[in-house]
Amino acid sequence: MILDVQGLGFSYNSHPVLDGVTFQVKPGELTAILGPNGVGKTTLLKCINAIHSPSGGAVLVEGRNVLRMRPKDIALNIGYVAQRSETARFTVFDAVLMGRKPRITWRVSNEDLKITESALRRLGLDKLALRFIDQLSGGELQKVAVARALVQEPRLLLLDEPTSSLDLKNQMDILRMIRRVVDEHRIGAVMTMHDLNTALRFAHRFLFLRQGKIHAAGRVSSVTPDMVHEVYGLPVEVCTVQGHPVVVPLA
Amino acid sequence: MHFADGVIPEEYRRYTSLKAGFVAALLVALAGCLVVSISLGAADIPLLDVARSLLGLSESQRFDIIIWNIRLPQALASIAAGAGLAVAGVVMQSILRNPLGAPITLGISHAAAFGAAFSVMVLGSGVMASSNVGAVTITSPVMTTGSAFVFTVLTSGLIVLVSRARGATPEAMVLTGVALNALFTAGTMFLQFFADDMQLAAMVFWTFGDTARASWSELGLIAGVTVVASAYFLMNGWNYNAMDAGDETAKGLGVRVERVRIVGMLVASLLTAVIISFLGIIGFVGLVVPHMVRWLIGSDHRFLLPASILGGGVLLLVADTAARLMLAPHVLPVSVLTAFTGAPVFIALIIKGKRI
């Protein structure tokens, strides 16, 4: 088991946001966290990564309690792609190389440079290697953030809306890449997402959050119209197109 | 994960060597400027004699006295102060995620001015006429400096305390700094309003940053603090890089963001406090040098920090030498010159650079 979340709770100013969230992620599994705006999807990711301190429960990554780990140890095990990343005058190469930070003590090794180059090439960023990131488009910047998390070589990848600012082709490219990394390297991944159809196409499992609790969870093939209706308050039909479940709103 | 098929891109290697070369060039420029600066002045000293005297091989006692008692301490004070103010500026701008992060915009400089004015007026470190330094002098520089230092430390402490209560966010730090800036400006004006002519002159005189004020022992202190603080900043270069990508990304990379921000702010403030308390207010170096260097070689702190340290030293040394020579026999306060040249440069950078 890569990730084991046990009865996780989180309160913001004594207002409960998450309550008793329990789920597991196995090696080679991509889980999509779904639910309406403000339901606590991002908060859940931040609790897993110990950016937020949960008010109860435990988060185990490969059996180790994240809350008892030093920040550097967490970074060696968990890669995190934040919803928003800031720009500054860094080259694309340096911005991705930063993902090696948990492993760099003082000098950058040749291995660090090679891994960074390889990740850039896989995400099609190699042509932009020496471009400053404050000159990139939103989509390119998003790819940089994903590449940075990949060069961390984590066992668990957390992605907060990884495709929010991408066009259709870039969405497909980046999720295909993430899915391939998960499949090939048997790591675990958890992503939050608003686009149900994209999520259901690339994830192995889904998890619907509603009022801070897990409302439904399972393999993506088991999504039902009722689940979506109950979570989003909207009647839908779930069809199958080319073997993938597709949610179509009825109203 | 297997990214084993990577190769080290030659282009990137060239790019980093170029940046390393820039830092090395600044070091050479600094050494060159130091010798030239020492040779120039009311009595011109040939460059060869400057070199001889610095190496302890001098044959002229007169040159030795001018160099070791007057020009060298002033030149070294300029270098140390320029380096310290510039590196403090880099760190403040980075950890506050604000291009305006600098001692002068965060109230630290104005707190020093208030401290000095307070000392002149209330503690009576007083004034008297003196013919040799432009008619005004401060009778107790130790008390004035001490008072300025206390107020700068109080200010930085307050900025850190208030921002801690708000989760050490950059916004909280900047806004507290702006509020304190206004407070101390008003406080200084209040004191100036009730000051007599001589006290007023002393207060204003103190605020003119002047690198000639430092004696060898004070210079040692300024240089020591600059070296220790710079070493701390250099060690945290990767942390500042990560924080430039956003707090959450930095946390995901294992950076203790709040701690790095608070300690960085504290060290940068103390460094500035020491420099300003001894030399007076020297504006714009801490603001302009980091932006110039960033514009030239980017924000990677592995290069930005050393380049700003050296660049700050070069800039203030050149400005100080120019200030000594421009209106000779009068000596212009270097702070006037840095602001005069700094402001247009800054505006040019805003227009040219896509993003400051």
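Every chain is numbered from 1, with letters handed out A, B, ... down the list of sequences.
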Which portion of [X] sits near chain B, non-hydrogen atoms under 4.5 angstrom:
| X | answer |
| --- | --- |
| Ala119(A) | both |
| Val144(A) | neither |
| Asn49(A) | side chain |

How about [X] and [Y]: do any of their side-chain heavy atoms sit closer than 4.5 Å?
| X | Y | value |
| --- | --- | --- |
| Tyr15(B) | Asp94(A) | yes |
| Ile297(B) | Arg89(A) | no |
| Thr105(A) | Trp238(B) | no |
| Leu130(A) | Glu11(B) | yes |
| Gln152(A) | Leu253(B) | yes |

In Å, rounded to the nearest 0.5 Å, how long is the span from [atom1] of [X] to [atom2] of [Y]?
| X | Y | atom1 | atom2 | answer |
| --- | --- | --- | --- | --- |
| Ile104(A) | Arg302(B) | CD1 | CZ | 7.0 Å |
| Ile8(B) | Ser109(A) | CD1 | OG | 8.5 Å |
| Ser299(B) | Asp134(A) | OG | CG | 7.5 Å |

Any idea which of Leu304(B), Val255(B), Asp244(B), Thr16(B) has the most non-hydrogen atom pairs under 4.5 angstrom with chain A?
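Option with the top pair count is Asp244(B).
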
Can any side-chain N or O of Glu117(A) pair as donor or acceptor with the backbone N or O of Pro9(B) at less than 3.5 Å?
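Side chain of Glu117(A) to backbone of Pro9(B): no pair is present.
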
What closest approach, in Å, do [X] and [Y] show between heavy atoms, and which atom pair accounts for it?
| X | Y | answer |
| --- | --- | --- |
| Phe90(A) | Asp300(B) | CE2-CA, 3.4 Å |
| Ala82(A) | Thr249(B) | CB-OG1, 4.0 Å |
| Gly252(B) | Tyr80(A) | CA-CB, 4.2 Å |

Side chain from CB out, backbone as N, CA, C, O: work out which of these in Tyr12(B) comes under 4.5 Å of a heavy atom of chain A, or both, or neither.
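The answer is both parts of Tyr12(B).
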
Choice from [options] maximising heavy atom contacts with chain B below 4.5 Å:
| options | value |
| --- | --- |
| Arg70(A), Arg186(A), Met98(A), Glu86(A) | Glu86(A) |
| Lys46(A), Lys72(A), Arg84(A), Arg100(A) | Lys46(A) |
| Pro71(A), Ala50(A), Ala75(A) | Pro71(A) |

In plain terms, say whether Arg121(A) and Asp5(B) are close enough for a salt bridge, that is, a side-chain N and a carboxylate O under 4.0 Å apart.
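Yes.
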
Side-chain donor-acceptor pair under 3.5 Å between Asn239(B) and Lys101(A), yes or no?
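Yes, Lys101(A) and Asn239(B) have a side-chain donor paired with an acceptor closer than 3.5 Å.
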
